[in-house]
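Dropping the structure in here first, questions after.
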Amino acid sequence: MVVAIDGPAASGKGTLSQRIADAFGFAHLDTGVLYRAVGVSVLRAGGDPADNTAAARAAYELHPEHPILQEVALRTDEAAQAASKVAAVPEVRAALLDFQRRFATHPPGGAPGAVLDGRDIGTVVCPDAQAKLFVTASVEVRAERRLKELQRRGIPAISSDVLEDMKARDARDSQRAVAPLRPAVDAFVLDTSALDADQVFSMAVAHIGSKTGLKPAA
Ligand code: CDP
Ligand code: CDP
């Protein structure tokens with residue numbers, strides 16, 4: 001059982017995915033972390049994230065136990081920008097595909113299902129997912145959410161920079177040639193601009209139930 005959750009930055013995909021995973025006893029993979037790890041690895045090696053060779057090398061070196069995947073440094077805006085640059089490199093996307101598909105077909109801990117969140121889960125990584133959600137919100141609402149989140153984590157950030165960075169990332173993610181950000185034709189599109197996380201969760205549970213017949217355990 002696979003639930004695919006896609007959407008732009010700070011739309012609430014990660015929060016929703018973790019809640020869905022907890023409710024149904026599924027494993028959760030935040031695929032953005034993989035792109036962030038590749039972007040940060042390239043920066044640390046003194047490379048340019050938009051350079052195909054450097055980005056592809058870093059992507060092929062990434063594996064599920066790599067310690068970089070746990071680093072707080074992946075949460076910064078700098079990491080997000082680097083991620084969206086390496087994410088436009090076709091070899092990077094190809095290198096990360098196996099990692100993601102293996103998680104979907106063999107969820108860790110023998111979980112009966114997996115929730116993957118990202119940009120292209122419903123369109124490319126798991127096109128046969130039993131339930132697909134596309135979560136979105138206005139860029140202003142999303143920038144505000146991200147700012148609060150960075151402040152909560154103690155990461156310094158300026159409101160206007162977060163908004164500009166998000167617009168730049170939205171543009172790069174939706175205009176790239178390979179696996180651009182867009183809803184799958186069979187995705188349930190949820191605009192969360194005026195919804196809180198509990199409302200989004202209830203709507204997502206109802207959608208998953210209608211597609212799979214599953215109900216949350218708790
Ligand atoms: O994973 P993604 O970047 O899409 O977003 P997130 O990190 O899950 O959520 C960004 C922030 O928005 C979190 O602090 C949530 O508490 C908050 N939020 C939400 O997730 N859903 C809403 N409907 C409203 C706010
Ligand atoms: O948390 P937030 O939504 O801000 O970003 P993220 O999900 O961590 O993703 C960081 C970047 O990785 C995105 O801007 C995309 O360029 C890229 N990404 C992607 O191309 N495909 C995915 N499945 C996940 C992330």
Side-chain angles (χ1 to χ4, degrees), residues 4-21 28-40 42 49-50 55 59 62 69 71 73-90 92-97 99-101 103-104 115-126 129 133-153 155 157 162-163 165-182 184 190-204:
I5 303 189
D6 290 304
S11 52
K13 338 174 268 305
T15 305
L16 175 64
S17 301
Q18 191 55 58
R19 287 186 70 174
I20 294 290
H28 170 219
L29 178 63
D30 168 1
T31 65
V33 164
L34 309 179
Y35 291 90
R36 286 170 182 260
V38 173
V40 169
V42 174
L62 193 68
L69 294 170
E71 288 190 27
L74 299 190
R75 302 315 328 163
T76 63
D77 246 29
E78 191 191 13
Q81 292 296 331
S84 83
K85 289 177 186 161
V86 300
V89 175
V92 169
R93 306 204 72 85
L96 298 183
L97 207 50
F99 188 132
Q100 298 171 82
R101 286 197 176 142
F103 189 99
V115 184
L116 282 80
D117 80 88
R119 300 290 184 290
D120 61 339
I121 309 302
T123 51
V124 175
V125 179
C126 302
L133 292 124
F134 189 89
V135 229
T136 187
S138 75
V139 71
E140 289 78 15
V141 167
R142 291 188 284 116
E144 191 55 35
R145 287 180 186 168
R146 181 51 42 88
L147 187 67
K148 283 198 188 133
E149 191 190 327
L150 291 170
Q151 286 167 345
R152 252 200 324 271
R153 288 175 188 266
I155 300 173
V162 172
L163 179 62
D165 284 356
M166 202 157 278
K167 286 181 179 168
R169 206 140 61 89
D170 280 358
R172 238 189 333 262
D173 289 351
S174 44
Q175 288 161 20
R176 67 182 174 225
V178 207
L181 170 69
R182 60 176 172 78
L190 245 170
D191 186 333
T192 74
S193 300
L195 300 174
D196 66 25
D198 287 344
Q199 293 169 311
V200 175
F201 175 69
S202 303
M203 292 168 82

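Atoms within each ligand, like the ligands themselves, are counted from 1 in listed order. Because the structure is a prediction, the values reported are computed rather than measured.
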Atom CG of Leu34 and atom CZ of Phe103: how far apart are they, to the nearest 0.5 Å?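 Reported to 0.5 Å precision, the distance equals 10.0 Å.
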What distance separates Glu78 CD from Arg36 CZ, expressed to the nearest 0.5 Å?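 Those atoms lie 11.5 Å apart.
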Check the pair Ser84 / Arg169 against side chain to side chain donor-acceptor pair (under 3.5 Å), numbers first and verdict last. CA-CA 6 Å; Ser84 83; Arg169 206 140 61 89; 5.3 Å; no
Do Thr15 and Arg145 pass the side chain to side chain donor-acceptor pair (under 3.5 Å) test, and can you show the C-alpha distance, the side-chain angles, and the key distance before you say yes or no? CA-CA 12 Å; Thr15 305; Arg145 287 180 186 168; over 6 Å; no
Ligand-side contact atoms (ligand 2) for residue partner Ala83, heavy atom cut-off under 4.0 Å: 10 (C), 11 (C), 12 (O)
Where's the contact between Arg169 and ligand 2, heavy-atom distance under 4.0 Å: side chain, backbone, both or neither? side chain
Show which atoms of ligand 1 fall inside a sub-4.0 Å distance from at least one heavy-atom site of Ala197. 21 (N), 22 (C), 23 (N)
Looking only at protein heavy atoms, which one is nearest to atom 20 (O) of ligand 2, and what is the separation?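 I find the closest protein heavy atom is Arg93 NH1, 2.8 Å.
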Report yes or no: does a heavy atom of Lys85 sit under 4.0 Å from some atom of ligand 2?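 Lys85 does not count as a contact of ligand 2 under the 4.0 Å cut-off.
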Given Ser17, which of Leu133, Asp117, Asp30, Leu29 fulfils the side-chain contact (heavy atoms from CB on, under 4.5 Å) condition?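 Of the listed residues Leu133, Asp117, Asp30, Leu29, the side-chain contact (heavy atoms from CB on, under 4.5 Å) partner of Ser17 is Asp117.
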Pairs of nitrogen or oxygen atoms closer than 3.5 Å, one from Arg146 and one from ligand 1: do any exist?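 Yes; at least one N/O pair falls below 3.5 Å.
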Would Met166 count as a contact of ligand 2 if the rule is a heavy atom under 4.0 Å away?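 The answer is no, since Met166 has no heavy atom less than 4.0 Å from ligand 2.
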Selection from Val86, Leu181, Asp173 by shortest heavy-atom distance to atom 14 (O) of ligand 2: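 Nearest option to atom 14 (O) of ligand 2, by heavy atoms: Asp173.
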Check this for me - ligand 1, Leu16, N or O atoms closer than 3.5 angstrom, yes or no? no
Which heavy atom of Arg93 sits nearest a heavy atom of Tyr35, and at what distance?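 Where Arg93 meets Tyr35 most closely, the heavy atoms are NH2-OH, 3.2 Å.
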Looking only at heavy atoms, is any part of Gln199 under 4.0 Å from ligand 1, and if so is it the side chain, the backbone, or both, or is it neither? neither
Enumerate the atoms of ligand 1 whose separation from the nearest heavy atom of Glu149 is less than 4.0 angstrom.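 Counting from 1, the qualifying ligand atoms are 7 (O), 10 (C), 11 (C).
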Heavy atom of Arg142 under 4.0 Å from ligand 1?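 It does not, in that no heavy atom of Arg142 comes within the 4.0 Å cut-off of ligand 1.
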Counting from 1, what ligand 2 atoms have a heavy atom of Ser84 closer than 4.0 Å?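 Those qualifying, in numeric order: 14 (O), 16 (O).
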For ligand 1, indicate whether the residue Val135 contacts it via side chain, backbone, both or neither (heavy-atom separation under 4.0 Å).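 For Val135, no heavy atom sits under 4.0 Å from ligand 1.
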Atoms of ligand 1 close to Val200 [distance to a heavy atom under 4.0 angstrom, numbered from 1]: 23 (N)
On a heavy-atom basis, which atom in Ser11 and which in Thr192 lie closest, and how many Å separate them?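 Closest approach of Ser11 to Thr192, heavy atoms only: O-OG1, 3.4 Å.
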In terms of atom number and element, which parts of ligand 2 are under 4.0 angstrom from non-hydrogen atoms of Gly32? 6 (P), 7 (O), 8 (O), 9 (O), 24 (C), 25 (C)
Nearest protein heavy atom with distance in Å, relative to atom 1 (O) of ligand 1: Gly14 N, 2.8 Å
Would you check whether Gly12 has a nitrogen or oxygen atom less than 3.5 angstrom from a nitrogen or oxygen atom of ligand 1? yes
Just to confirm my output: which protein heavy-atom neighbour is closest to atom 24 (C) of ligand 2, and how far is it?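 Scanning the protein heavy atoms, the shortest distance from atom 24 (C) of ligand 2 goes to Thr31 OG1, 3.4 Å.
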Pro180 to Ser174 - nearest heavy-atom pair and separation: CB-O, 3.6 Å
CD of Gln81 to CE of Met166, rounded to nearest 0.5 Å, is 9.5 Å
Verify the neighbour count for atom CD of Glu71: are there more than 12 heavy atoms of other residues, nucleotides or ligands below 6.0 Å? yes
How far is atom 16 (O) of ligand 1 from its nearest protein heavy atom, and which residue and atom name does that atom have? Thr15 OG1, 4.3 Å
Spacing of Thr31 atom OG1 and Asp120 atom CG [to the nearest 0.5 Å]: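 Here the rounded value is 6.5 Å.
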Below 4.0 angstrom from a heavy atom of Ala9, which ligand 2 atoms are there? Numbered from 1 as shown, please. 2 (P), 3 (O), 4 (O)
Below 3.5 angstrom, do we get any N/O pair linking Tyr35 and ligand 2? no
Does an N or O anywhere in Leu195 fall below 3.5 Å from an N or O of ligand 1? yes
Name the closest protein heavy atom to atom 8 (O) of ligand 2, giving the residue it belongs to and the distance to 0.1 Å. Arg36 NE, 2.6 Å
Evaluate the criterion salt bridge (charged side-chain N to carboxylate O under 4.0 Å, His left out) for residue pair Arg146 and Asp165; output intermediate values, then yes/no. CA-CA 11 Å; Arg146 181 51 42 88; Asp165 284 356; over 6 Å; no
Return yes when Ala10 approaches ligand 2 closer than 4.0 angstrom through a heavy atom, no otherwise.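 Yes, Ala10 has heavy atoms under 4.0 Å from ligand 2.
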Nearest heavy-atom pair of Phe201 and Leu16: which atoms, and what distance?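 In terms of heavy atoms, the two residues are closest at CA-CD1, 3.7 Å.
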How far apart are the closest heavy atoms of Ala9 and Asp170, and which atoms are they? N-OD1, 4.4 Å
Can you tell me which portion of Arg145 lies within the under-4.0 Å heavy-atom range of ligand 2? Options are side chain, backbone, both, or neither. neither
Could you establish whether Arg172 and ligand 2 come within less than 4.0 Å of each other, counting only heavy atoms on the residue side?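 Not so, Arg172 does not reach ligand 2.
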Taking N or O atoms only and a 3.5 Å limit, does Asp117 qualify as a polar contact for ligand 2?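 No, Asp117 has no N/O under 3.5 Å of an N/O on ligand 2.
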Test of proximity, Asp120 against ligand 2: N or O pairs below 3.5 Å: yes
Specify the protein heavy atom at minimum distance from atom 7 (O) of ligand 2: its residue, its atom name, and the distance to 0.1 Å.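 Result: Arg119 NH1, 3.1 Å.
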Counting from 1, what ligand 1 atoms have a heavy atom of Lys13 closer than 4.0 Å?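 Per the distance check, 1 (O), 2 (P), 3 (O), 4 (O), 5 (O), 8 (O).
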If you define the side chain from C-beta out and look only at heavy atoms, does anything of His28 sit under 4.5 Å from Arg19? no
Close-contact set for ligand 2 against Ala87 heavy atoms, below 4.0 Å: 16 (O), 17 (C), 20 (O)
Should Glu149 and Arg152 count as an ion pair when the cut-off is N to O under 4.0 Å? no
Should Val139 and Leu163 count as side-chain neighbours, where that means a heavy-atom distance under 4.5 Å?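 Answer yes - side chains close enough.
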Side chain to side chain, Pro8 and Leu181, heavy atoms closer than 4.5 Å: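 The answer is yes; the side chains approach within 4.5 Å.
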